[in-house]
Amino acid sequence: MFYSMLLQLFTMFCFNCKGNSPKARMRHGDGRFDSLGHSAKYGVYTMFCTTILKVVHFELVQANETGGSQQTELEGAKRCLSFLQYLGLLIGIFVSDRHRGIAKWIRENCVNTKHYFDIWHVARSLGKKLLALSREKGCEILKEWMKGIRKHLYWCATSTKAGFESHILATWNSLLHHVSNKHNNHPDPLYKQCCHGQLEPRRWIRVGTEAFDKLKLQLTKKMLLNDIKKLSPDAQTSCLKMPCFTWLGTLSRHILTSLHFNENLQRETQKAFNGKEYIRVTYPKFKMGEEVV
């Protein structure tokens, strides 16, 4: 009974927000587990609407409902999308990570929904593979290009309008010419030359070297190219990035967390007495020394 009352109150709050109506919206979803280990008892899938910048729904799935913790993300996504469809909401665009099961389910059950992948998830996966390559003999130079390659991936997606899959691939494939210091007369007519201006001196990767050949093999894999064509040009799931409680405890905490998130997402940045915003720069180890503002 208490569970039902909480869910009803939360649903009423979400769908009575100003400006929210049952029209096509851009939404994105992401899943998380209740622990940082290799298994989890609960999995939560959260739906965030980028039109009104609110968490609109989440589903709490227990691992024994699905046969294991790895299946809770797919089940949570199914329940979220089915619940929103039941309410009569038309989801025109949905952004998620590269979960193959979710992609297949949406393709088969949400024929009017355009499914995109979050850039961060693709960039993280590619970064791990490039890091492994850079540790191989003769490929050390690749470590110097990892940050640039990730930035290029983001630029390819965000600079291309949704639906232009051929163009996003053309800009991505130009990277192999760029790293070898060739910036014009690219073979793809959709992107004949680089858009950057004068470049600072850097170490280029010569064509024919072991580093170039292995980089080319990695960047032109069919699965990666197919994923790049589906990258979201606008909304991402990174804003949805909470030890183990009871079912009711986890549910209640996620309700409170979602309400807190909605209240504070667009809060103004704290300012000093001189009117300037407080900014802190850190260099976490997991980003290999890269700055985080």
Side-chain angles (χ1 to χ4, degrees), residues 14-15 17 19-33 43-59 61 72-87 89-127 150-169 171-172 223-242 254 257-258 261-262 265-266:
C14 289
F15 292 98
C17 293
N20 191 26
S21 58
K23 297 181 179 179
R25 303 270 185 191
M26 179 183 289
R27 304 183 188 278
H28 62 236
D30 202 2
R32 65 167 301 280
F33 302 116
V44 179
Y45 203 86
T46 306
M47 298 290 285
F48 176 74
C49 179
T50 60
T51 308
I52 61 174
L53 299 179
K54 301 291 183 183
V55 170
V56 295
H57 189 56
F58 69 84
E59 288 286 344
V61 184
T72 58
E73 184 171 0
L74 173 58
E75 181 62 26
K78 289 180 181 180
R79 293 182 185 182
C80 281
L81 290 164
S82 298
F83 177 76
L84 296 179
Q85 289 175 335
Y86 171 77
L87 294 178
L89 298 177
L90 305 176
I91 305 175
I93 298 175
F94 180 69
V95 184
S96 73
D97 60 13
R98 297 192 297 169
H99 196 294
R100 304 301 172 184
I102 294 177
K104 179 181 179 181
W105 190 86
I106 292 176
R107 188 168 59 248
E108 295 176 349
N109 298 275
C110 306
V111 294
N112 295 320
T113 299
K114 182 67 176 179
H115 186 203
Y116 289 109
F117 292 145
D118 171 76
I119 305 176
W120 180 85
H121 286 86
V122 179
R124 180 184 63 170
S125 175
L126 179 60
R150 290 199 300 270
K151 285 186 175 181
H152 183 74
L153 179 67
Y154 274 86
W155 179 79
C156 289
T158 57
S159 65
T160 304
K161 290 186 177 181
F164 290 84
E165 297 181 350
S166 298
H167 187 269
I168 193 175
L169 276 185
T171 54
W172 172 251
M223 182 175 291
L224 177 61
L225 296 179
N226 288 335
D227 290 345
I228 288 175
K229 290 191 295 185
K230 297 186 65 177
L231 289 179
S232 172
D234 298 308
Q236 310 302 327
T237 67
S238 54
C239 66
L240 293 177
K241 299 298 182 217
M242 298 179 218
H254 273 82
T257 300
S258 297
F261 176 91
N262 290 343
L265 180 62
Q266 295 178 287

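The chain is numbered in sequence order, starting from 1.
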Could you report the tightest heavy-atom contact between [X] and [Y], atom names first, then the distance?
X      : Y      : value
Ser232 : Ala157 : O-CB, 4.0 Å
Ile168 : Cys156 : CG1-O, 3.4 Å
Ser258 : Val55  : OG-CG1, 3.6 Å

Side-chain touch [X]/[Y], heavy atoms, less than 4.5 angstrom:
X      : Y      : result
Ser159 : Tyr154 : no
Leu231 : Leu153 : yes
Leu81  : Met47  : yes
Gln85  : Asn109 : no
Ile93  : Tyr116 : yes
Leu169 : Leu225 : yes
Glu59  : Cys80  : yes

Fill in: Ser125 (side chain) donor-acceptor with Val122 (main chain) under 3.5 angstrom
no

Practice prompt. Keeping the roles fixed (side chain from Thr113, backbone from Ile91), state whether a donor-acceptor pair exists under 3.5 Å.
Written response: yes

To the nearest 0.5 Å, tell me how far [X] [atom1] sits from [Y] [atom2].
X      : Y      : atom1 : atom2 : value
Thr72  : Arg79  : OG1   : CZ    : 10.0 Å
Leu74  : Ser96  : CG    : OG    : 10.5 Å
Lys230 : Glu165 : NZ    : CD    : 8.5 Å
Glu75  : Ile102 : CD    : CD1   : 11.0 Å
Trp172 : Leu224 : CH2   : CG    : 6.0 Å

Item to complete: Tell me, please, which residues at least two apart from Arg98 pass salt bridge (charged side-chain N to carboxylate O under 4.0 Å, His left out).
Response: Asp227

Discussion item. Once you measure the plane-to-plane angle for Phe48 and Phe261, does it fall in the parallel (<30°), tilted (30-60°) or perpendicular (>60°) bin?
Written reply: perpendicular

Fill in: For His115, all residues meeting ring pair (Phe, Tyr, Trp, His ring centres under 6.0 Å), sequence neighbours excluded
Phe94, Phe117

